[in-house]
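Let me begin by presenting the structure, written as C-alpha coordinates, before commenting on it.
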Amino acid sequence: MSKKLKGVSLAGLQKLIEEIYGVPDDRLYSIEDMLTHQQRFAMRSLKGIRKGDLKKIKLNLMIALSWLLAISNRFHIEVDDVVWKRFPGACLYCGEKTCECKRTKLTKRKTIRGDLLRKPKTLNEWQLLFNKIYPASGRTLDEAGVHFAEEVGEVSESVHNYLGQHLKRQFSEIQDEIADEISCIFGIANSAGIDVVTEVEKMYSNGCHVCARTPCVCDFAKVSLLKT
Ligand SMILES: [Zn+2]
Ligand SMILES: [Zn+2]
(Lines give C-alpha, C1' and ligand atoms only; values in the text may rest on other atoms or scores of the structure.)
(Ligands and ions follow the chains in the order given, each with its own letter.)
Protein backbone atom coordinates (compact mmCIF):
# COMPACT_ATOMS: atom_id res chain seq x y z
CA MET A 1 0.00 0.00 0.00
CA SER A 2 1.47 3.30 -1.07
CA LYS A 3 0.98 6.30 1.20
CA LYS A 4 0.65 9.89 0.09
CA LEU A 5 3.05 11.79 2.27
CA LYS A 6 3.08 15.23 0.61
CA GLY A 7 1.34 17.05 3.45
CA VAL A 8 2.76 14.92 6.25
CA SER A 9 3.54 16.63 9.55
CA LEU A 10 6.66 16.07 11.63
CA ALA A 11 4.47 14.20 14.15
CA GLY A 12 2.99 12.17 11.28
CA LEU A 13 6.46 11.20 10.06
CA GLN A 14 7.47 10.22 13.59
CA LYS A 15 4.37 8.01 13.80
CA LEU A 16 5.12 6.47 10.41
CA ILE A 17 8.66 5.62 11.53
CA GLU A 18 7.14 3.95 14.62
CA GLU A 19 4.80 1.90 12.42
CA ILE A 20 7.62 0.80 10.12
CA TYR A 21 10.49 0.38 12.60
CA GLY A 22 8.99 0.27 16.13
CA VAL A 23 8.75 -3.52 16.31
CA PRO A 24 12.20 -4.42 14.87
CA ASP A 25 13.84 -1.58 16.83
CA ASP A 26 12.38 -2.81 20.13
CA ARG A 27 13.38 -6.40 19.41
CA LEU A 28 16.82 -5.87 17.90
CA TYR A 29 18.39 -2.71 19.28
CA SER A 30 19.47 -1.13 22.53
CA ILE A 31 19.37 2.66 22.71
CA GLU A 32 23.17 2.63 22.27
CA ASP A 33 22.80 0.57 19.08
CA MET A 34 20.28 3.10 17.80
CA LEU A 35 22.61 6.00 18.57
CA THR A 36 25.40 4.24 16.72
CA HIS A 37 23.25 3.71 13.63
CA GLN A 38 22.06 7.31 13.82
CA GLN A 39 25.66 8.54 13.93
CA ARG A 40 26.79 6.16 11.20
CA PHE A 41 24.35 7.55 8.66
CA ALA A 42 24.83 11.14 9.82
CA MET A 43 28.58 10.75 9.20
CA ARG A 44 27.91 9.25 5.78
CA SER A 45 25.87 12.28 4.85
CA LEU A 46 28.86 14.42 5.90
CA LYS A 47 31.04 12.30 3.64
CA GLY A 48 28.57 13.20 0.88
CA ILE A 49 29.15 16.89 1.66
CA ARG A 50 32.93 16.45 1.55
CA LYS A 51 32.70 14.64 -1.79
CA GLY A 52 30.10 16.94 -3.28
CA ASP A 53 27.76 13.95 -3.77
CA LEU A 54 24.18 15.20 -3.41
CA LYS A 55 22.66 11.72 -3.70
CA LYS A 56 24.78 10.48 -0.81
CA ILE A 57 23.92 13.53 1.31
CA LYS A 58 20.18 13.10 0.69
CA LEU A 59 19.88 9.40 1.32
CA ASN A 60 22.02 9.33 4.45
CA LEU A 61 20.53 12.49 5.90
CA MET A 62 17.04 10.96 5.60
CA ILE A 63 18.19 7.67 7.18
CA ALA A 64 19.86 9.63 10.01
CA LEU A 65 16.57 11.52 10.49
CA SER A 66 14.61 8.27 10.66
CA TRP A 67 16.98 6.88 13.31
CA LEU A 68 16.69 10.12 15.27
CA LEU A 69 12.89 9.79 15.17
CA ALA A 70 13.23 6.14 16.24
CA ILE A 71 15.34 7.25 19.22
CA SER A 72 12.65 9.83 20.03
CA ASN A 73 10.04 7.07 19.83
CA ARG A 74 12.04 4.90 22.23
CA PHE A 75 12.01 7.79 24.75
CA HIS A 76 8.38 8.74 23.96
CA ILE A 77 9.49 12.25 23.01
CA GLU A 78 7.06 14.15 20.77
CA VAL A 79 9.47 15.69 18.29
CA ASP A 80 6.97 18.19 16.91
CA ASP A 81 6.46 19.68 20.39
CA VAL A 82 10.10 19.78 21.46
CA VAL A 83 11.22 21.40 18.21
CA TRP A 84 8.54 24.09 18.54
CA LYS A 85 9.44 24.65 22.18
CA ARG A 86 13.05 25.19 21.15
CA PHE A 87 12.32 27.15 17.95
CA PRO A 88 8.95 28.89 18.37
CA GLY A 89 9.30 30.73 15.10
CA ALA A 90 12.56 32.39 16.12
CA CYS A 91 16.24 31.78 16.89
CA LEU A 92 16.69 30.26 20.34
CA TYR A 93 19.64 32.52 21.16
CA CYS A 94 18.86 36.00 19.84
CA GLY A 95 15.08 35.59 19.77
CA GLU A 96 14.84 37.09 16.26
CA LYS A 97 12.60 35.73 13.50
CA THR A 98 15.68 35.81 11.29
CA CYS A 99 18.71 35.04 13.42
CA GLU A 100 21.06 37.94 14.07
CA CYS A 101 23.54 36.05 16.23
CA LYS A 102 26.35 36.59 13.70
CA ARG A 103 25.75 40.33 13.57
CA THR A 104 25.20 41.08 17.21
CA LYS A 105 27.11 39.71 20.13
CA LEU A 106 24.68 38.70 22.87
CA THR A 107 25.73 38.48 26.47
CA LYS A 108 22.66 36.48 27.49
CA ARG A 109 19.79 34.71 25.78
CA LYS A 110 16.65 36.65 24.99
CA THR A 111 13.28 35.27 25.89
CA ILE A 112 11.34 34.16 22.85
CA ARG A 113 7.67 34.97 22.51
CA GLY A 114 6.20 31.64 21.44
CA ASP A 115 2.97 33.20 20.25
CA LEU A 116 4.58 35.19 17.44
CA LEU A 117 3.91 32.55 14.81
CA ARG A 118 1.82 29.43 14.50
CA LYS A 119 3.50 26.06 14.73
CA PRO A 120 4.22 24.61 11.27
CA LYS A 121 1.74 21.92 10.27
CA THR A 122 3.74 20.11 7.61
CA LEU A 123 7.35 19.03 7.06
CA ASN A 124 7.51 21.55 4.27
CA GLU A 125 6.41 24.37 6.58
CA TRP A 126 9.10 23.35 9.06
CA GLN A 127 11.71 23.44 6.32
CA LEU A 128 10.55 26.93 5.25
CA LEU A 129 10.51 28.16 8.84
CA PHE A 130 14.09 27.02 9.42
CA ASN A 131 15.16 28.73 6.25
CA LYS A 132 13.53 31.89 7.53
CA ILE A 133 15.23 31.73 10.92
CA TYR A 134 18.58 30.54 9.55
CA PRO A 135 18.72 31.46 5.84
CA ALA A 136 20.92 29.15 3.77
CA SER A 137 22.54 32.26 2.31
CA GLY A 138 24.07 32.95 5.72
CA ARG A 139 26.32 29.86 5.75
CA THR A 140 28.08 27.37 3.49
CA LEU A 141 27.03 23.72 3.20
CA ASP A 142 30.30 22.79 4.95
CA GLU A 143 29.39 25.04 7.88
CA ALA A 144 25.93 23.47 8.07
CA GLY A 145 27.65 20.06 8.12
CA VAL A 146 30.01 21.00 10.96
CA HIS A 147 27.07 22.26 13.02
CA PHE A 148 25.16 19.04 12.31
CA ALA A 149 28.13 16.92 13.49
CA GLU A 150 28.28 18.96 16.69
CA GLU A 151 24.58 18.35 17.40
CA VAL A 152 24.82 14.62 16.63
CA GLY A 153 27.52 14.43 19.30
CA GLU A 154 25.41 16.40 21.75
CA VAL A 155 22.39 14.10 21.32
CA SER A 156 24.63 11.16 22.11
CA GLU A 157 26.17 12.92 25.10
CA SER A 158 22.76 13.86 26.51
CA VAL A 159 21.45 10.29 26.16
CA HIS A 160 24.51 8.87 27.89
CA ASN A 161 24.24 11.41 30.71
CA TYR A 162 20.59 10.49 31.21
CA LEU A 163 21.31 6.75 31.17
CA GLY A 164 23.89 7.34 33.89
CA GLN A 165 21.75 9.25 36.39
CA HIS A 166 18.15 9.42 35.13
CA LEU A 167 17.68 13.03 36.22
CA LYS A 168 14.68 15.03 34.92
CA ARG A 169 17.03 17.81 33.85
CA GLN A 170 19.02 15.33 31.77
CA PHE A 171 15.87 14.08 30.07
CA SER A 172 14.93 17.61 29.05
CA GLU A 173 18.47 18.00 27.68
CA ILE A 174 17.81 15.02 25.40
CA GLN A 175 14.68 16.80 24.17
CA ASP A 176 16.60 20.03 23.50
CA GLU A 177 19.43 18.26 21.71
CA ILE A 178 17.05 16.27 19.51
CA ALA A 179 15.36 19.56 18.57
CA ASP A 180 18.74 21.10 17.75
CA GLU A 181 19.72 18.17 15.58
CA ILE A 182 16.39 18.32 13.72
CA SER A 183 17.04 22.02 13.05
CA CYS A 184 20.47 21.09 11.61
CA ILE A 185 18.96 18.39 9.39
CA PHE A 186 16.65 21.02 7.91
CA GLY A 187 19.66 23.36 7.76
CA ILE A 188 21.65 20.94 5.60
CA ALA A 189 18.58 20.30 3.47
CA ASN A 190 18.16 24.03 2.92
CA SER A 191 21.84 24.55 2.15
CA ALA A 192 21.99 21.59 -0.25
CA GLY A 193 18.64 22.29 -1.94
CA ILE A 194 17.00 19.09 -0.67
CA ASP A 195 13.21 19.00 -0.39
CA VAL A 196 12.77 16.89 2.74
CA VAL A 197 9.16 15.85 2.12
CA THR A 198 9.95 14.68 -1.43
CA GLU A 199 12.76 12.48 -0.13
CA VAL A 200 10.61 11.16 2.71
CA GLU A 201 7.87 10.26 0.24
CA LYS A 202 10.35 8.49 -2.06
CA MET A 203 11.75 6.47 0.82
CA TYR A 204 8.83 5.64 3.08
CA SER A 205 5.56 5.73 1.14
CA ASN A 206 5.79 1.94 0.66
CA GLY A 207 7.17 1.09 4.10
CA CYS A 208 10.85 0.47 4.85
CA HIS A 209 13.06 1.90 2.10
CA VAL A 210 15.09 -1.33 2.03
CA CYS A 211 12.57 -4.20 2.42
CA ALA A 212 9.41 -2.22 1.45
CA ARG A 213 7.51 -3.75 4.39
CA THR A 214 5.56 -2.36 7.37
CA PRO A 215 6.77 -3.35 9.91
CA CYS A 216 10.27 -3.61 8.49
CA VAL A 217 11.69 -7.14 8.31
CA CYS A 218 15.35 -6.19 7.74
CA ASP A 219 17.51 -8.19 10.14
CA PHE A 220 20.42 -6.92 12.22
CA ALA A 221 23.04 -8.06 9.69
CA LYS A 222 21.27 -6.35 6.80
CA VAL A 223 21.09 -3.04 8.65
CA SER A 224 24.70 -3.33 9.85
CA LEU A 225 25.98 -4.01 6.35
CA LEU A 226 23.76 -1.50 4.54
CA LYS A 227 25.92 0.36 2.04
CA THR A 228 24.77 3.84 1.22
ZN1 LIG B 1 20.22 34.06 16.55
ZN1 LIG C 1 13.34 -3.07 6.22
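One-based numbering, in listed order, for ligands and for the atoms of each.
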Taking the side chain as every heavy atom from C-beta outward, state whether Lys58 and Leu54 have any atom pair closer than 4.5 Å. yes

For the residue pair His166 and Gln170, confirm or rule out a side-chain donor-acceptor distance under 3.5 Å. no

Rounded to 10°, how big is the angle at the Zn ion (ligand 2) from Cys211 SG to Cys218 SG? 110°

Residues Asp142 and Arg50 bridged, charged N to O under 4.0 Å: no

Is there an N/O/S atom in His209 that lies less than 2.8 Å from the Zn ion (ligand 2)? no

Angle subtended at the Zn ion (ligand 2) by Cys216 SG and Cys208 SG, to the nearest 10 degrees, is 110°

Establish, from distance only, whether the side-chain atoms of Asn161 and Glu173 form a donor-acceptor pair under 3.5 Å. no

